[in-house]
Amino acid sequence: LQIEQLSSRNPAAKYHGILQAVQRIFREEGLVAFWKGHVPAQFLSVGYGAVQFMAFESLTKLVHHVTSYDARDSSTVAVQPVDTLRTRFAAQGEPKIYHSLRHAVLTMYRTEGPQTFYRGLTPTIIAIFPYAGLQFYFYNILQQFSEWVIPAEGKKGGNVKNLVCGSCAGIISKTLTYPFDVFKKRLQVGGFEQARAAFGQVRVYRGLLDCIRQIMREEGPGGFFKGLSPSLLKAAASTGLVFFWYELFCSFLCTLKNTDSTARREG
């Protein structure tokens with residue numbers, strides 16, 4: 001939805017909205033199409049999360065106020081090639097250009113060069129600074145707000161609170177920085193025009209500024225927020241679960257550490 005013309009009145013537009021897109025994808029490509037790019041997406045999630053929170057915890061000890069920015073910046077650069085692969089797999093039509101992850105890597109490297117794995121890096125880096133700060137900022141604000149709203153005797157179910165606060169933080173931060181996600185996706189499919197021919201629409205951008213100008217001229221301000229609804233659903237689920245599991249495992253490890261310390265003192 002981020003890449004297509006979305007209009008029920010335009011015959012060249014393949015998708016008109018979420019429900020129509022779901023029905024058409026299922027009818028034309030089958031159920032498995034909803035998991036296009038799933039393998040690189042898992043590498044992206046694992047690598048991104050590991051680098052992000054490792055950098056977050058390490059840098060907190062050095063510079064508290066810029067930690068979230070540096071953590072996200074480090075993880076973004078590290079996993080950008082996997083993000084590009086995921087976008088390419090999800091964006092290709094039928095017949096498929098890439099048949100496997102290995103085939104995609106070799107084909108992209110041979111035909112477009114190593115720099116193609118970093119397409120869309122500029123808007124990603126620009127967005128990461130506010131997105132990272134907003135995500136951690138709103139998560140902490142919502143945690144403090146919940147502490148103020150919920151009375152002391154009712155403070156149970158902390159895991160649910162972490163999930164809700166994380167989901168809300170994800171929705172807010174994603175909405176505020178969403179246009180950069182659109183720019184990234186548009187740039188990542190550059191050089192991939194033959195796979196987009198079946199969708200009746202092929203765009204070529206010379207860079208970030210050209211991408212912004214073309215979207216504004218051809219699609220208007222609404223073009224910057226194409227595909228926002230499914231992205232918010234994803235942000236709510238993924239960010240909420242990330243903070244949920246992170247806080248849960250931190251509490252679990254702290255409990256183990258305290259138990260071990262107590263046992264040693266008693267021994």
Side-chain angles (χ1 to χ4, degrees), residues 1-6 12-15 21 24-25 28-48 51 73-128 178-219 223-224 226-227 230-231 234:
L1 297 181
Q2 291 176 318
I3 303 172
E4 298 303 309
Q5 290 184 358
L6 304 180
K14 186 167 185 176
Y15 302 128
R24 185 155 188 175
I25 291 171
E28 294 181 352
E29 305 176 61
L31 186 63
V32 295
F34 296 106
W35 279 267
K36 279 185 176 180
H38 179 66
V39 174
Q42 295 311 304
F43 285 115
L44 173 66
S45 298
V46 173
Y48 189 83
V51 176
D73 189 45
S74 302
S75 57
T76 297
V77 174
V79 301
Q80 178 68 15
V82 184
D83 191 20
T84 301
L85 286 166
R86 177 191 62 171
T87 299
R88 291 288 185 97
F89 272 105
Q92 69 177 345
E94 296 289 344
K96 291 181 172 61
I97 303 298
Y98 306 134
H99 306 295
S100 66
L101 183 59
R102 180 176 180 272
H103 180 248
V105 173
L106 293 176
T107 302
M108 290 170 64
Y109 183 84
R110 185 171 58 250
T111 59
E112 302 175 61
Q115 71 276 6
T116 193
F117 295 103
Y118 286 90
R119 287 181 182 270
L121 181 61
T122 300
T124 304
I125 292 295
I126 294 173
I128 279 304
Y178 186 74
F180 289 98
D181 197 37
V182 174
F183 305 150
K184 178 187 72 172
K185 293 293 195 303
R186 297 284 183 99
L187 293 173
Q188 283 178 329
V189 296
F192 192 52
E193 288 78 15
Q194 72 275 20
R196 305 295 304 162
F199 292 83
Q201 186 176 22
V202 177
R203 293 189 178 96
V204 178
Y205 302 116
R206 295 189 298 272
L208 176 59
L209 294 180
D210 183 55
C211 178
I212 296 173
R213 283 194 294 265
Q214 286 197 43
I215 293 175
M216 187 64 187
R217 184 175 62 250
E218 298 174 5
E219 305 165 62
F224 298 130
K226 280 187 173 180
S231 290
K234 177 185 175 183

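Here, residue 1 is the first one in the sequence, and each next residue gets the next number. Bear in mind the structure is a predicted one, so any value in this text is a computation, not a measurement.
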Sequence neighbours excluded, the answer for ring pair (Phe, Tyr, Trp, His ring centres under 6.0 Å) partners of F180 is F183
Just do the side-chain contact (heavy atoms from CB on, under 4.5 Å) check on D83 and Q188 with the steps written out, would you? CA-CA 9 Å; D83 191 20; Q188 283 178 329; 3.6 Å; yes
Is the shortest side-chain heavy-atom distance between R213 and D210 below 4.5 Å? yes
Would you indicate whether the side-chain heavy atoms of M216 and F224 approach each other to under 4.5 Å? yes
Indicate the atoms forming the closest heavy-atom contact of P123 with L208, along with that distance. CB-CD1, 4.0 Å
Between A104 and L85 the two heavy atoms that sit nearest each other are CB-CD2, 3.9 Å
State which residues pass side-chain hydrogen bond (donor to acceptor under 3.5 Å, both in side chains) with T116; sequence neighbours excluded, sorted by chain then number. R88, E112, R119
N/O donor-acceptor pair under 3.5 Å between Q92 side chain and I97 backbone: yes
Residues passing the side-chain hydrogen bond (donor to acceptor under 3.5 Å, both in side chains) test with T124, sequence neighbours excluded, are none
Between NZ of K184 and CG of L121, what distance do you get to the nearest 0.5 Å? 10.0 Å
Shortest non-hydrogen contact from V204 toward Q214: O-NE2, 3.1 Å
Heavy-atom closest pair, residues Y205 and C211: CD2-CA, 3.5 Å
What is the minimum heavy-atom distance between V189 and A91, and which atoms define it? CG1-CB, 3.8 Å
Neighbour count above 12 (heavy atom, 6.0 Å) for R217 CZ: yes
With heavy-atom distances below 4.5 Å as the criterion, would you say the side chains of R186 and K226 are in contact? yes
Using 0.5 Å steps for rounding, measure from the CD1 atom of I25 to the CG atom of L31. 11.5 Å
Any donor and acceptor pair, going by atom type alone, linking the side chain of Y178 with main-chain N or O of G227 inside 3.5 Å? yes
Does OH belonging to Y109 count more than 12 external heavy atoms closer than 6.0 Å? no
What one should report as the nearest heavy-atom pair of H103 and Y98 is ND1-CA, 3.5 Å
